[in-house]
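I have placed the structure first, in the form of structure tokens, so that the comments after it can refer back to it.
Here the structure is a predicted model, which means the values were calculated and not measured.
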Amino acid sequence: MAKAEVVIVLSLLLVTTVVDGLGGRMRINDVKKNKEVQELGRFSVEEYNRRSQGRLRFSLANGGPSTALVFSQVVGAEKQVVAGIKYYLKIKAMQGGVTKTFESVVLVKPWVQSKDLLNFSPSTH
């Protein structure tokens with residue numbers, strides 16, 4: 001990415017931070033229709049499955065059920081401008097034929113084209 005593009009992205013992040021209330025969380029509306037949010041939810045589930053492969057292989061080898069998740073949809077989302085954009089997602093996914101709700105946190109840094117799953121866990125709400 002060119003230096004000018006980095007300056008523009010950082011400037012937009014700064015403006016967004018000021019507009020968003022100094023880095024506070026903002027609710028994202030219409031998440032079911034938001035392609036970016038749905039793709040981040042799919043990424044979260046796929047990354048969770050990738051990181052859990054060792055446990056999945058052990059469970060299957062010992063006759064246990066598959067613990068792999070199958071993405072359904074993101075049902076709630078918030079974002080927060082930090083050193084990038086942090087997305088807080090509430091995700092519906094199937095596990096062993098049962099629909100469950102999970103929460104994930106994904107950090108997106110668009111200027112370096114990266115996204116990182118910071119947290120993925122069963123929802124407590």
Side-chain angles (χ1 to χ4, degrees):
M1 184 176 268
K3 193 173 187 178
E5 291 173 306
V6 171
V7 170
I8 290 170
V9 169
L10 292 176
S11 297
L12 288 172
L13 285 174
L14 178 60
V15 169
T16 304
T17 300
V18 172
V19 172
D20 280 355
L22 300 174
R25 285 193 196 184
M26 296 286 296
R27 187 167 52 98
I28 299 173
N29 296 319
D30 293 327
V31 294
K32 292 180 181 180
K33 296 179 182 178
N34 187 315
K35 290 181 182 179
E36 179 184 15
V37 168
Q38 293 300 319
E39 284 303 314
L40 287 172
R42 184 176 305 282
F43 164 79
S44 295
V45 170
E46 289 172 356
E47 183 66 10
Y48 169 80
N49 284 337
R50 186 187 69 75
R51 292 180 185 181
S52 301
Q53 273 184 343
R55 289 189 302 248
L56 176 60
R57 284 192 196 117
F58 178 79
S59 176
L60 292 173
N62 290 306
S66 172
T67 58
L69 300 178
V70 179
F71 175 76
S72 295
Q73 67 179 334
V74 175
V75 295
E78 295 178 327
K79 68 179 179 178
Q80 178 182 27
V81 177
V82 291
I85 303 171
K86 194 181 278 189
Y87 289 88
Y88 298 85
L89 307 175
K90 186 168 282 204
I91 299 168
K92 294 280 185 186
M94 297 286 291
Q95 185 176 39
V98 177
T99 300
K100 297 182 178 182
T101 305
F102 298 88
E103 295 180 6
S104 77
V105 180
V106 179
L107 179 60
V108 177
K109 294 181 181 177
W111 63 94
V112 292
Q113 299 176 343
S114 77
K115 54 188 166 190
D116 187 27
L117 181 63
L118 302 179
N119 187 45
F120 192 93
S121 61
S123 179
T124 57
H125 300 101

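Closest heavy-atom contact between A93 and L69: CB-CB, 4.3 Å. Residues R27 and E78 come closest through the heavy atom pair CA-CG, 4.0 Å. The two residues E36 and N34 come nearest to each other via the heavy atoms N-OD1, 3.1 Å. Contact detail for F71 and G41: the closest heavy-atom pair is CE1-C, 3.5 Å. Residue L89 comes nearest to A77 through the heavy atom pair CD2-CB, 3.7 Å, listed as atom of the first residue, atom of the second, then distance. Residues V31 and V74 approach most closely at CG2-O, 3.7 Å, considering heavy atoms.
Linking ILVMFWY side-chain heavy atoms closer than 4.5 Å, directly or via other members, places V82 and V105 in a single hydrophobic cluster.
Grouping Ile, Leu, Val, Met, Phe, Trp and Tyr residues whose side-chain heavy atoms lie under 4.5 Å apart, directly or via other members, places V70 in a hydrophobic cluster with M94.
Judged by distance alone, the side chains of K86 and Q80 never bring a donor and an acceptor atom under 3.5 Å apart. No donor-acceptor contact under 3.5 angstrom links the side chains of E103 and S121, judged on distance only.
Around NZ of K90, the count of heavy atoms belonging to other residues, nucleotides or ligands within 6.0 Å exceeds 12.
To the nearest 0.5 angstrom, K79 atom NZ is 11.5 Å from L40 atom CG. Going from atom CG of L117 over to atom OH of Y87 covers 14.5 Å, rounded to the nearest 0.5 Å. For the atom pair CG of L107 and OG of S114, the computed distance is 6.5 Å after rounding to the nearest 0.5 Å. Separation of atoms OG1 (T124) and CZ (F102) is listed at 12.5 Å; rounding is to 0.5 Å.
Listed by first then second residue, pairs satisfying side chain to side chain donor-acceptor pair (under 3.5 Å) with a partner in residues 38-47 read S44-S104, E47-R50, E47-R51, not counting sequence neighbours.
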Working for side chain to side chain contact (heavy atoms under 4.5 Å, CB included), residues Y88 and V106: CA-CA 7 Å; Y88 298 85; V106 179; over 6 Å; no
Worked verdict on K92 versus T99 for side-chain hydrogen bond (donor to acceptor under 3.5 Å, both in side chains): CA-CA 7 Å; K92 294 280 185 186; T99 300; over 6 Å; no
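Judged by the 6.0 Å and 45° rule, K115 forms a cation-pi pair with F43.
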